[in-house]
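Read through the structure below, which is laid out as structure tokens, and then see the notes.
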Amino acid sequence: QVQLVESGGGLVQAGGSPRLSCAASGSIYSVNAMGWYRQAPGKQRELVASITTTGSTNYADSVKGRFTISRDNAKNTVYLEMNNLKPEDTAVYYCNADIIRSVTFRRMDAWGQGTQVTVSS
């Protein structure tokens, strides 16, 4: 079994700088790309940022220059540092990881349970 457990988020004032964390655990052989998605009420889930095992990153235009994604490969953990938050950043943030499972070596697209980030103006 594989789990992604997120932490961080909550109620933040506009301009705040919270950090989200997501740790992958369980029957894992390796973790490939990791990323963060978000889903605001009434909207589709969208990619916020992603990072490869070698540190190459990709960001949504709406967060470029404000958010930074990073990872600790030894801990199978990905982080999202969010700066200068805006009310439009309010959403449920989901962690995602491309995982190779141990024993079976099957590829798995794993998701966290989501963490709410609410930005007050």
Checklist line | Note, Met108 side chain near Ser27 side chain (heavy atom, < 4.5 Å) | finding: no

Next item on the list: Please round to the nearest 0.5 Å and tell me the distance separating atom OG1 of Thr68 and atom CZ of Arg19.
Entry: 11.5 Å

Margin query: Testing the basics here: between Val5 and Gln113, what is the closest heavy-atom pair and its distance to 0.1 Å?
Written below: CA-OE1, 4.2 Å

Next item on the list: Give the minimum heavy-atom separation between Ser102 and Ile28, together with the two atoms involved.
Entry: OG-N, 3.8 Å

Item checked: Taking every non-hydrogen atom, the tightest pair across Ala91 and Arg38 -> CB-CB, 3.8 Å

Note to self: Nearest 0.5 angstrom please: Leu85 CG to Ser121 OG, how far?
What the structure shows: 12.5 Å

Check: Between atom OG of Ser30 and atom CG of Asn32, what is the distance when rounded to the nearest 0.5 Å?
Finding: 5.0 Å

Margin query: Set out, in order, the CA-CA distance, both residues' side-chain angles and the distance that settles side chain to side chain contact (heavy atoms under 4.5 Å, CB included) for Arg45 and Trp111, then state yes or no.
Written below: CA-CA 12 Å; Arg45 190 174 297 190; Trp111 290 88; 3.3 Å; yes

Next item on the list: Taking all heavy atoms of Asn83 and all of Ser17, pick out the closest pair and write down the distance.
Entry: OD1-OG, 3.1 Å

Notebook entry, point to check: Is there a donor-acceptor pair closer than 3.5 Å between any side-chain N or O of Asn96 and the backbone N or O of Ala110?
Noted result: yes

Item checked: Ionic contact status for Lys64 with Asp61, cut-off 4.0 Å -> yes

Item checked: Gap separating the CG atom of Asp98 from the OG1 atom of Thr52, nearest 0.5 angstrom -> 11.5 Å

Checklist line | Short side-chain to backbone donor-acceptor contact, Arg71 and Thr54, under 3.5 Å | finding: no

Checklist line | Tyr59 side chain vs Ile69 backbone, donor-acceptor pair below 3.5 Å | finding: yes

Note to self: Evaluate Asp89 against Val12 for side chain to side chain contact (heavy atoms under 4.5 Å, CB included), listing each step before the verdict.
What the structure shows: CA-CA 10 Å; Asp89 294 316; Val12 185; over 6 Å; no

Next item on the list: Any chance you could measure Leu20, atom CG, to Phe67, atom CZ, to the nearest 0.5 Å?
Entry: 8.5 Å

Next item on the list: Could you tell me which non-hydrogen atom of Gln116 sits nearest to which non-hydrogen atom of Val92, and how far apart they are?
Entry: OE1-CG2, 3.2 Å

Note to self: So does Cys95 get a backbone contact from the side chain of Glu6, meaning a donor-acceptor N/O pair under 3.5 Å?
What the structure shows: yes

Note to self: If hydrophobic clusters are built from ILVMFWY residues whose side chains come within less than 4.5 Å, do Tyr37 and Ile99 share one?
What the structure shows: no

Check: How about Leu80 and Val78: do any of their side-chain heavy atoms sit closer than 4.5 Å?
Finding: no

Notebook entry, point to check: Can you get from Tyr94 to Val119 by hopping between Ile, Leu, Val, Met, Phe, Trp and Tyr side chains that sit under 4.5 Å apart?
Noted result: no

Next item on the list: Check whether the ring centres of Tyr29 and Phe105 lie less than 6.0 Å apart, and answer yes or no.
Entry: yes

Check: So, for Tyr79 and Ser21, which heavy atoms are closest and what is the spacing to 0.1 Å?
Finding: CD2-OG, 3.3 Å

